**Student:** 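One structure, as C-alpha cells, below. Some questions next.
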Amino acid sequence: MTHVLDVLEERGFIEAKTHEQELADWLAEQPRSCYIGFDPTASSLHIGSLVPIMALAHMQRCGHRPIALVGGGTGLVGDPSGKTEMRQILTAETVGANAEALKAQLARFIDFSADRALLVNNADWLVSLGYIPFLRDIGRHFSVNRMIKAESYRMRLESDEGLSFIEFNYMLLQAYDFLKLVDRYDCHLQMGGSDQWGNIVAGIDLVRKMRQKTAFGVTFPLITTASGAKMGKTAAGAVWLDAARTSAYAYYQYWVNCDDADLVRFLALYTFLPMEEIRRIAGLHDADLNLAKTVLAFETTQIVHGRQAAIEALDAAGSMFGRRSLPQDLLPSSTIPRTGGQGAGESVPTTELGADLFTEGLPFFKLMQITGLSNSGGAARRLIRQGGAYLNGERVTVDEKIITLADFAEEELLLRAGKKHFHRVRLTKG
RNA sequence: GGUGGGGUUCCCGAGCGGUCAAAGGGAACAGACUGUAAAUCUGUCGGCGAUGCCUUCGGAGGUUCAAAUCCUCCCCCCACCA
C-alpha cells in the first residue's frame, strides 16, 4: 500500500512533522488512527478547512482510520492561535448543533461506515472536567514560562488586544484532548494547520509525561492564493461547503476563477487526481489553462456537492461563458464530461416573479436590485451607467428602461451583471 | 482604583463649528485589455422610482441659524501607574 506520508508530501500537504523517521515507520507498520480537530464555530465548514479534510481522506484511502474531533468543548473556550482578536464565545447549544452539521459535510469526503472513521466530540470529556483535579493532574505539567514563548500566545501578548485567561488555557485543553484520544482510541497522531503546531506539541509532551508513550504531529502549510489572500475569502464572504450558503454553481465558479499560478498546487491539494497527470499541466499556456481549471472546479465540486450538481454547474458555466471540449489526454483520470452539455441547467440563480409586475412595467434598475445582482437601487443605477448590465445578452445603458412582458421569451429572461454574474427571472402566474 | 489617549462611512485613517455623504490608502464593483486568470489604466464606491430628498461620524441629551467637530452624562477600548 502507498505510504500516506509520501502521498501527503508529494501533494503539498506537509509543512512540518515530529519524529520524522519514527512516524514513517509507525505508519508503515499497520493501520493507525489519526485525528484532526475542527471548530464548530459555524454550522458549515468552508474552503479553508478543505486541506485538513482532504488529508483525512488520504489517510483513509491509504488504509488508516481518520478521526474527526469536533471541538464541542474547546469551542466554548476559543483558540487564540492565528487570531489577532478574542473570539466570540458560543453557547453550548449552538456548538452542539454545529457539530452535527459538520459530520454530514465530512461524510462527503470520509467514509464513516463500520467505524472506518470516527467522529468524536471533546465536549464528552471536557465539559465535566473539575477545575481542581484538572489543575492538579494536567496543569502541573505545563510551564507558563514555556507557554508564553509559543508563537500563538506571544503574538497576542504583544498585541493591543491582549490575551484573556480563558484563551490562555486553550493549549492545555487541546493537549488533554490528545491524551484522551490516545487513551480511548489508541490514536497517536494529530494533524492540523501550521498555527496548531504549539498545541499539537503540547499534547505530545503531555502524552509522554503522563503515559510514557510516543505521539506524533503533522502540520499543513497555510494555503493562500497567489495574490496572498486566504483561501475561500471573497467579497461575498467565505466560500462554504454547504450548498444552502454557497451554491454549487458559486462554488464551481470560485475554483474556475483561481489564479494561473495556483492551478497545479490546487489540483494536488483539492482533487484526488494522480500526481503524474497533474504535473503535466505545468506545460500548458494561455487559454489552455482554463480547460484545466474547468477540471479542477468540476472535480472539487463533485466531491463536495455530488456528480449531478457538478455537471449542472459545468453546463451552466458552459452555456454562459462558452464551452470548449476537453482533450482526452488532459488529466485523463477525471470523470468530467468532455464534450456536449445541456445548456444552462438549474444551477443559474433564478428568481420567480409575478407576471403582474410587468404588465405596468418595471424599471430595469429595480429589476437588477430585486434579483440581488445589485445590492441597492443606487448600485444598480451605477452598474447600468457604467455599461455592466445586460438584458438577454444585450447591454442596457438606460437605468430607467421599462421592462415589460415583451422582454420575456418563453416566460424567462436572463440578466447579467458584469462579466460573471448571471441571474434568470422566470414568470409565475398571478 | 488613579492618570492620560481614543471610539469616523466594509477595513485602515484624516477631519476638530458652516464650502462634509466626510481627504487619502486598501478592499470591492464596473469599463478597456484578456483566457471566466494576473498585471495595468479609467471610472464608481450610504439610501431613495433620484438634478432633489432622507439617514450616518460609540450612545443619550444640550448649546447654536448651523455640530463628526463645542458642553454634560453614560458605554466601550488602549497605555502607564496601583
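Numbered from 1 within each chain, the chains take letters A, B, ... in sequence-line order. None of the values given here were measured: they were computed from a predicted structure.
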**Student:** Between P on B:U34 and CG on A:Asp286, what's the gap in Å once rounded to a whole number?
**Tutor:**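 These atoms are roughly 13 Å apart.
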**Student:** Using a heavy-atom cut-off of 4.0 Å across all strands, would you classify A:Ala317 as base, sugar-phosphate, or nothing?
**Tutor:** base
**Student:** Looking at A:Lys366, I'd like to know whether one of its side-chain N or O atoms comes within less than 4.0 Å of OP1 or OP2 on B:G49.
**Tutor:**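 Yes, such a contact exists.
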**Student:** Rounding to an integer number of angstrom, what distance separates B:C57 and B:A67 when you compare their C1' atoms?
**Tutor:** 11 Å
**Student:** Convert the base pairs of RNA chain B into dot-bracket notation, remembering that pairs crossing earlier ones are written with [ ] and that bases paired across to another strand are shown as |; include only Watson-Crick or G-U pairs under 3.5 Å.
**Tutor:** (((((((..(((.....[.....))).(((((.......))))).(((...)))...(((((..]....)))))))))))).
**Student:** Using whole Å, report how far CG of A:Asp288 lies from C1' of B:U36.
**Tutor:**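 One finds 15 Å between C1' of B:U36 and CG of A:Asp288, rounded.
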**Student:** Test your reading of the model: is there a side-chain donor-acceptor pair from A:Arg11 to the backbone of A:Thr271, 3.5 Å cut-off?
**Tutor:** yes
**Student:** Can you tell me which nucleotide in B:A32, B:G35, B:G49 comes closest to the side chain of A:Arg395?
**Tutor:**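 Nearest nucleotide to the side chain: B:A32.
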**Student:** Taking only the side-chain heavy atoms of A:Leu383 (C-beta and beyond), determine which of B:A30, B:A37, B:C45 contains the nearest atom.
**Tutor:** B:A30
**Student:** Which nucleotide wins on minimum distance to the side chain of A:Ser376, given the candidates B:G31, B:G47, B:U36?
**Tutor:**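 My answer, after comparing the listed nucleotides, is B:G47.
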**Student:** Side chain of A:Asn257 only, please: which of B:C45, B:C48, B:A37 is the nearest?
**Tutor:** B:A37
**Student:** Using the P atom as the point on both nucleotides, what is the distance between B:G35 and B:U42, in whole Å?
**Tutor:**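 Result for the P pair: 23 Å, nearest Å.
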**Student:** Could you please name the option among B:A37, B:C45, B:G31 that lies closest to any side-chain atom of A:Tyr390?
**Tutor:**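 So the side chain of A:Tyr390 is nearest to B:G31.
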**Student:** B:U36, B:G49, B:A37: which one has an atom nearest the side-chain heavy atoms of A:Arg381?
**Tutor:** B:G49
**Student:** Are A:Gln386 and B:C45 close enough that a side-chain N or O sits under 4.0 Å from OP1 or OP2?
**Tutor:** no
**Student:** Name the closest nucleotide to the A:Gln253 side chain, picking from B:G49, B:A30, B:U36.
**Tutor:** B:U36
